[in-house]
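Contents: one structure, followed by commentary.
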Amino acid sequence: MMFSADGMFLPKPRLFKRQSFNFLASFHPQKSAPKPPHLPLLADKCTSMNQLKQIHAQMIVSDRIHDDYAASRIISFCALSDSGDLNYALKVFNTTRAPNSFMFNTMIRAQASSSNPFEAIILYIKMRKLGLIPGKYTFPFVLKACINCCSLNPSKQIHADVVKFGLELDMYIVNGLIRCYCICGDMGAARKLFEEVPEWKLLIWTAIISGYARNFCSNEALALFDQMLGQGVEPDAATLSSVLSACARSGSLEMGKQVHVYIKEKRIEVGLILGTALVDMYAKNGEISVARSLFDKMAERNTASWNAMICGLAVHGHAEEAFRLFQEMQKAKIAPNYVTFVGVLSACCHAGLLEVGKEIFLSMKRVYGIEPGIEHYGCMVNLLGRGGKLAEAEELINGMLCEPDIVVLGALLGACKDH
DNA sequence: AGATATCCCC
């Protein structure tokens, strides 16, 4: 390959100069007998959009762009490669006269994990209207789009299509369907699919276990995990993070510890997510020092990792430490989110820090652009009420965007009784 | 003549 180190073919691309196609020229070693380069294959060898655009230009000039295979290679690179460009892929796709199912699959796959997953569903509908047959490389991605959109209705429609096209036994597709139903909270539908799977691969176990864990059905999640181990299936990091989440929420410290031992024994890599799950499990179960030492050892931490530790400290009465960690989090330039402030404000509640709490509460929207939710109001009413500021607490409740719940009103009533 | 999936914090 003749690519230069910076991925550019030329020091500086100049319009209308022969050199502009230097890269392509490099595939004509003999001037006497120039052999046309195989453009579609060349598209696969690109490492940058710059290179791809030159090949695309050549395809247009030589009229090869109307060749299905050639256009597919261009779309595939732009849509899926790391150095691609989804908008460019869309432009090429939209100007293709008769996109085939490979192109649709590629675009659906790319759009499913984009910021506009719904576009993938729209593409799927277009594909069906054109009479193209969706296949095993269509459904996993359109289902992923459903998961990222969090919408149940198209999932049912797509489920019907899966059956219609006879693909209900494809592991990747069943996995997608189960996850769809789990995300939408329809554990009944998810379980039914799970029971019908002919062979329970790890993938499927993980889908159903994480579904139960995410929907706060910790006992079902742990029971299925037991069943899975009983069948000799070995869990991986993804399975174990869901199991740890179930242990965290159900107070199953012993089970959580066993999982930790298993991770050590099997030398499973503890990355960001599994690390966070461990910290959360120990923190929620009151093993703050274990949680803390694991947290400190993490090579990478995201907002969720900090949240697990901060909330754990706050709930177990270590308000000062929770604050200190919140400050460290900001120093580390990790953006706090909604959950972070639930932790920080509940630390204020535990420590009775009214003024600090007020300041943080106001900063939520002003500094971080996060609209306070019911949990944050709950903390504030609690703080104001305990400080005897009943009128202020009532005023705060009246100004809420959401309806006050039992926690908020209970905090106010309790304060009224005390004062 | 072409490719696939999962997980954490409320």
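The sequence lines fix the lettering, A, B, ..., with proteins before strands; numbering per chain opens at 1.
Within the nucleic acid shown, A:F139 has no heavy atom closer than 4.0 Å to any nucleic acid atom. Using a 4.0 Å heavy-atom criterion, one finds that A:Y69 contacts the bases of the nucleic acid, with or without backbone contacts as well. Residue contacts shown for A:R179 are limited to sugar-phosphate atoms, with no base heavy atom under 4.0 Å away. Residue A:D170 is classed as having no contact, given no heavy-atom separation below 4.0 Å to the nucleic acid. Residue contacts shown for A:K201 are absent, as no nucleic acid heavy atom lies under 4.0 Å away. Among the protein residues, A:T206 comes within range of the nucleic acid bases, having at least one heavy atom under 4.0 Å from a base atom.
A:R179 meets the side chain to side chain donor-acceptor pair (under 3.5 Å) test with no other residue; sequence neighbours excluded. Residues forming a side chain to side chain donor-acceptor pair (under 3.5 Å) with A:D67 (at least two apart in sequence, or on another chain): none. Looking at residues two or more places apart in sequence or on another chain, you find a side chain to side chain donor-acceptor pair (under 3.5 Å) between A:D296 and A:R292. Partners of A:Y282 by side chain to side chain donor-acceptor pair (under 3.5 Å), not counting sequence neighbours, listed by chain and number: A:H260. Looking at residues two or more places apart in sequence or on another chain, you find a ring-ring contact (aromatic ring centres under 6.0 Å, His included) between A:Y88 and A:H56. A:H316 is linked by a ring-ring contact (aromatic ring centres under 6.0 Å, His included) to nothing, counting only residues two or more places apart in sequence or in another chain.
Contacts classified as salt bridge (charged side-chain N to carboxylate O under 4.0 Å, His left out) and involving residues 263-272 of chain A (residues at least two apart or in different chains) are given here: A:E234-A:K266. The stretch residues 199-230 of chain A participates, sequence neighbours left out, in these ring-ring contact (aromatic ring centres under 6.0 Å, His included) pairs: A:F194-A:W200, A:F194-A:W205, A:W200-A:W205.
A salt bridge links A:E392 and A:K358; the closest N-O separation between the charged side-chain nitrogens and carboxylate oxygens is under 4.0 Å.
A donor atom on one side chain and an acceptor atom on the other are found under 3.5 Å apart for A:T138 and A:N105.
A heavy atom lying under 4.0 Å from DNA chain B marks the following residues of residues 74-113 of chain A, by number: A:F102, A:N105, A:R109. Taken residue by residue, residues 242-271 of chain A places heavy atoms nearer than 4.0 Å to DNA chain B at A:S242, A:S245, A:R249. For residues 215-232 of chain A, proximity to DNA chain B is found at no residue, defined as any non-hydrogen atom under 4.0 angstrom from a strand atom.
Aromatic ring pairs are classed by plane angle as parallel below 30°, tilted from 30° to 60° and perpendicular above 60°; the pair A:Y368 and A:F326 is tilted. In this pair, A:Y377 and A:F361 present their aromatic rings perpendicular. The plane angle is above 60°, beyond the 30 to 60° band.
Taking the 5' to 3' direction, DNA chain B first and last meets chain A under 4.0 angstrom from a heavy atom at B:dA1 to B:dC10.
Other residues, nucleotides and ligands place no more than 12 heavy atoms under 6.0 Å from the CD atom of A:E320.
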